[in-house]
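Just so it is clear, the model here is predicted, and its values are computed rather than measured. Residue numbers start from 1 in every chain, and the chains themselves are labelled A, B, ... in the order their sequence lines are given, proteins ahead of strands. Both backbone and side-chain heavy atoms feed into the values below; hydrogens, waters and symmetry mates do not.
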Amino acid sequence: AQKVTQAQTEISVVEKEDVTLDCVYETRDTTYYLFWYKQPPSGELVFLIRRNSFDEQNEISGRYSWNFQKSTSSFNFTITASQVVDSAVYFCALSGTRNQGGKLIFGQGTELSVKP
Amino acid sequence: EPEVTQTPSHQVTQMGQEVILRCVPISNHLYFYWYRQILGQKVEFLVSFYNNEISEKSEIFDDQFSVERPDGSNFTLKIRSTKLEDSAMYFCASSRALGYEQYFGPGTRLTVT
């Protein structure tokens, strides 16, 4: 079965702190895709990043960085120098290839609160 | 920048009534999806649609649900006889290919009373 676990339900930091959101996944597929989405208080789901299972290079985009490690089935997300606007629920998601439907399996989400 | 749109933004209906939620996916995308999110919970997959047919559906997507692409732009989700537990935010999404990022619409909040 495919599963995504985000063990951190809520995280609270003070502005300018660095914060890492954890994501652990399970799949039997050899080819799969991992994603992070942001859901701000307004409720929409905003795509942040996609990785495929063959690309373990870490990625940095501004204050955001992602660490993908197949050996530990983890795809963690770090926000450097957090800002109040980063306050949101962050979802990690997995898409396998076995059923060919492309569905995303979401984790429970981590609610990040950045205080001024 | 192209985006997925959904109407209405909020729908209130009585138990047992039929509702149709509408979505306009991004124009050059080929795969379409419906998800739902009960308040405060995670996002759950309902159904994926490609080449005018359902390619995958979850156990939530039972006989009371149906999807349709009635023309070249709209993608609809119909709930035939709503129940209280259908109250949720329903998101439509589209992607250009399998495994690619899915872009989500702003959602329709369905309230069943």
**Asked** Got a second to check how far Trp66(A)'s CH2 is from Leu48(A)'s CG, nearest 0.5 Å?
**Response** 5.5 Å

**Non-hydrogen side-chain atoms of Ile105(A) and Lys103(A) separated by less than 4.5 Å** = yes

**Prompt:** When heavy-atom pairs shorter than 4.5 Å are enumerated against chain A, which of Gln37(B), Met89(B), Arg109(B), Lys57(B) gives the highest number?
**Reply:** Gln37(B)

**Prompt:** Of the backbone (N, CA, C, O) and the side chain (C-beta and beyond), which part of Tyr50(B) lies under 4.5 Å from a heavy atom of chain A, both, or neither?
**Reply:** neither

**Message:** Sub-4.5 Å heavy-atom contacts with chain B: which residues of residues 107-116 of chain A show up?
**Reply:** Gly107(A), Gln108(A)

**Request:** Determine whether Leu98(B) and Tyr31(B) make a side-chain contact, defined as any pair of heavy atoms from C-beta on separated by less than 4.5 Å.
**Result:** yes

**Request:** Examine the side chains of Thr31(A) and Ser53(A) and answer whether a donor and an acceptor come within less than 3.5 Å of each other.
**Result:** no

**Pairing residues for Asp18(A) by the side chain to side chain donor-acceptor pair (under 3.5 Å) criterion, not counting sequence neighbours** = none

**Message:** Applying side chain to side chain donor-acceptor pair (under 3.5 Å), can you list everything that pairs with Glu59(A), at least two apart in sequence or on another chain?
**Reply:** Arg51(A)

**Asked** In the hydrophobic clustering that connects Ile, Leu, Val, Met, Phe, Trp and Tyr at side-chain heavy-atom distances below 4.5 Å, which members other than Phe65(B) occupy its cluster, ordered by chain and number?
**Response** Met15(B), Val19(B), Leu21(B), Phe32(B), Trp34(B), Leu46(B), Val47(B), Phe49(B), Ile54(B), Ile60(B), Phe61(B), Val67(B), Phe75(B), Leu77(B), Ile79(B), Leu84(B), Tyr90(B), Leu110(B), Val112(B)

**Request:** Could you have a look at Arg50(A), Gln6(A), Glu44(A) and say which one has the most heavy-atom pairs with chain B under 4.5 angstrom?
**Result:** Arg50(A)

**Message:** Treating Asn74(B) as the side-chain partner and Asp71(B) as the backbone partner, does any N or O pair qualify as donor plus acceptor under 3.5 Å?
**Reply:** no

**Request:** Please look at Tyr32(A) and chain B and tell me whether the side chain, the backbone, both or neither of the residue comes under 4.5 angstrom of a heavy atom of that chain.
**Result:** neither

**Prompt:** Checking Tyr33(A) against chain B: side chain, backbone, both or neither under 4.5 Å from a heavy atom?
**Reply:** side chain

